[in-house]
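Just so it is clear, the structure is predicted and the values come from calculations on it, not from any experiment. Residue numbering restarts at 1 for every chain, and letters A, B, ... go by the order of the sequence lines.
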Protein chains: 2
Amino acid sequence: MNGTGTPAHGSTGTPAQGTARAGRRGRPRSAAVDTAVVETVLRLLEQGVTIGELSMERIAREAGVGKAALYRRWAGKEELMLDVLRSLDDVSQPEPPGVSVRDDLVVLLEFLRRRGLAKRSSAVLRTVVTQVKAHPRLWNEYHRTVVTARREAVFAVLRRGMATGEVRSDLDVELLAELFVSPMLTRALLHEWEDLSEGLAERIVDTVLEGVRPRERAFSG
Amino acid sequence: MNGTGTPAHGSTGTPAQGTARAGRRGRPRSAAVDTAVVETVLRLLEQGVTIGELSMERIAREAGVGKAALYRRWAGKEELMLDVLRSLDDVSQPEPPGVSVRDDLVVLLEFLRRRGLAKRSSAVLRTVVTQVKAHPRLWNEYHRTVVTARREAVFAVLRRGMATGEVRSDLDVELLAELFVSPMLTRALLHEWEDLSEGLAERIVDTVLEGVRPRERAFSG
DNA sequence: TTATTTCGATACGGACCCGTTCCGTATCGG
DNA sequence: CCGATACGGAACGGGTCCGTATCGAAATAA
């Protein structure tokens, strides 16, 4: 039925390994096609194009690629978008140094801040995350792959802080994590016009740690 | 040029006042059409339909309404969506009682929590906000109309708290507001699987006020 | 060389959509 | 009653998209 014989859509699993696989007979797939397509989709999303406005036809056109080359690799738009999403996660979260909970949290939040500012990520993250959230299947995949790992890192830091007494241990870890993370997320994803200014991570962490109610001249040492 | 003479698209300005305007000559517009259309769009969005998948044709079909009736009221999908958005804002935010900053913040956050749980709002808010965020023009309008007012209410409470000494006055009001609001927003909009459990507003407000670092036996009176 | 697979390009039929226009009917003001 | 405007329904021409197929050329393995 399928003219290509064994389809072998590269989508699920390895993210676009289109280049020649061992013992393949004919002309190998061009890696340039894979990158051109992914880059094009990212560029379009950066420019504010909606996923709904993205068609396989348009992607092929703007990438300078034949439609056949697309369908040879991905079964449809959804499969393609999944690979595009995965291509955003190559930059890994920094390992928190582990000296103090305060500094570790700053490191993790600073990563989010810089990510929200990064040339490639800024618009893409805003747009892609927004767009992807609108498509349950894509969002589930993104969350399962990326978000969960980040949350776990924060949990670990907080649990360590509870053990060392740097953090109150009478609170729910998940809620605690959100107190630190969500202000940064909100600015990065929801309030695009607000600035992710220098030192924001420190201010958030310190304020949440210290509390908003005035302290009655408490010594911290 | 336009067959309808003076078009008078009701969209911008009054949100769907389609019923008869004074001194109109012919058959008045049916209010049933307006409500049927808006309700249908909300229902579809609740069911997870993307804005991109919403066509005027489909809206008319599912609402049991002629396309002409749509184009008689709205110039296009965007204008229609704006009116749908406006229809979500009829439920107004409660006025904070003004006894204590802590209780006022709880009231405001509790409103967000209940809104996130409400039968009609839950899926609609999640879906609509997500969808609308993906369309800059719609998002700007929504933000200008709704979000700003809510933020100002929080600002007012916090400024009052700074004056009465209930809140540290050495902090940026906007950042402060986000420390309280964004955890609730994150749960309501981003983490749909998490629960907006009873007492969440109180826990957020109290924890942010008190701080996450263990207090050294501080008296609060 | 030969068989195979890829490439970009182009075309196809079928589906859906857009915004407009026209029906026949219903409902209002004058 | 009559002119005007509304209604739902159906059709229009023009467009985009989908997924598949076919083309000649290029690139590889056997």
Side-chain angles (χ1 to χ4, degrees), chain A residues 1-11 16-37 40-41 44 49-81, chain B residues 1-11 16-41 44 49-81:
Chain A
M1 344 290 197
N2 193 347
T4 59
T6 307
H9 282 126
S11 65
Q17 84 292 26
T19 13
R21 277 162 302 175
R24 203 84 169 93
R25 273 271 285 180
R27 172 176 174 174
R29 293 193 181 165
S30 164
V33 171
D34 295 73
T35 65
V37 169
T40 298
V41 172
L44 291 174
V49 178
T50 303
I51 284 192
E53 295 163 350
L54 271 187
S55 59
M56 295 294 268
E57 202 135 348
R58 179 170 176 185
I59 292 170
R61 207 186 314 131
E62 303 231 27
V65 149
K67 282 173 63 180
L70 281 191
Y71 282 101
R72 218 172 278 126
R73 281 155 230 264
W74 298 282
K77 198 169 75 176
E78 191 136 324
E79 306 289 337
L80 169 53
M81 298 311 292
Chain B
M1 338 298 197
N2 193 346
T4 60
T6 308
H9 281 126
S11 64
Q17 84 293 25
T19 12
R21 279 161 301 177
R24 203 85 168 91
R25 272 273 284 184
R27 170 176 175 175
R29 294 193 181 166
S30 164
V33 170
D34 296 72
T35 64
V37 169
V38 173
E39 289 295 309
T40 298
V41 172
L44 291 175
V49 178
T50 303
I51 285 191
E53 295 164 348
L54 271 187
S55 61
M56 295 295 268
E57 203 135 345
R58 177 170 177 185
I59 292 170
R61 205 186 315 133
E62 303 232 27
V65 150
K67 282 173 65 179
L70 280 190
Y71 283 102
R72 220 172 278 128
R73 282 154 228 263
W74 298 281
K77 196 170 77 177
E78 191 136 325
E79 307 289 337
L80 169 53
M81 297 310 293

Nucleotide [N], atom [atom2] - distance to [atom1] of [X] in whole Å:
{"X": "Arg72(A)", "N": "dT22(D)", "atom1": "CZ", "atom2": "P", "value": "14 Å"}
{"X": "Leu70(B)", "N": "dT21(C)", "atom1": "CG", "atom2": "P", "value": "16 Å"}
{"X": "Lys77(A)", "N": "dC17(D)", "atom1": "NZ", "atom2": "C1'", "value": "10 Å"}
{"X": "Glu79(B)", "N": "dG19(C)", "atom1": "CD", "atom2": "P", "value": "11 Å"}
{"X": "Arg25(A)", "N": "dT28(D)", "atom1": "CZ", "atom2": "C1'", "value": "10 Å"}
{"X": "Glu78(B)", "N": "dG19(C)", "atom1": "CD", "atom2": "P", "value": "11 Å"}
{"X": "Asp34(A)", "N": "dT6(C)", "atom1": "CG", "atom2": "P", "value": "12 Å"}

State, to 0.1 Å, how close Ala63(A) and Ala36(A) come at their nearest heavy-atom pair, and which atoms those are.
CB-O, 4.1 Å
Please determine, for the side chain of Arg29(A), which listed nucleotide (dC28(C), dA3(C), dT6(C)) has the closest atom?
dT6(C)
From C-beta outward on Tyr71(B), which listed nucleotide comes closest to its side chain: dT20(C), dG8(D), dT20(D)?
dT20(C)
Starting from the 5' end of DNA chain C, give me the residue, Gly26(A) or Leu54(B), whose nearest nucleotide shows up first.
Gly26(A)
Donor-acceptor pair present, Lys67(A) side chain and dG8(C) base, under 3.5 Å
no
Taking donor-acceptor contacts at under 3.5 Å, does the side chain of Arg27(B) reach the base of dA26(C)?
yes
Which parts of residues 55-66 of chain A get close to DNA chain C, meaning a heavy atom less than 4.0 angstrom away?
Gly64(A), Val65(A), Gly66(A)
Start at the 5' end of DNA chain D and walk down; is the nucleotide closest to Glu53(A) or to Ala68(A) reached first?
Glu53(A)
Sequence-distant partners of Glu62(A), salt bridge (charged side-chain N to carboxylate O under 4.0 Å, His left out), two or more places apart
Arg43(A), Arg58(A)
In chain order, what residues pass the salt bridge (charged side-chain N to carboxylate O under 4.0 Å, His left out) check against Lys67(A), with sequence neighbours excluded?
Glu57(A)
Let me confirm one number: the [atom1]-[atom2] distance from [X] to [Y], rounded to the nearest 0.5 Å.
{"X": "Leu80(B)", "Y": "Asp34(B)", "atom1": "CG", "atom2": "CG", "result": "10.0 Å"}
{"X": "Glu53(B)", "Y": "Ile51(A)", "atom1": "CD", "atom2": "CD1", "result": "10.5 Å"}
{"X": "Ile59(B)", "Y": "Thr40(B)", "atom1": "CD1", "atom2": "OG1", "result": "8.5 Å"}
{"X": "Met56(A)", "Y": "Tyr71(A)", "atom1": "CE", "atom2": "OH", "result": "4.5 Å"}

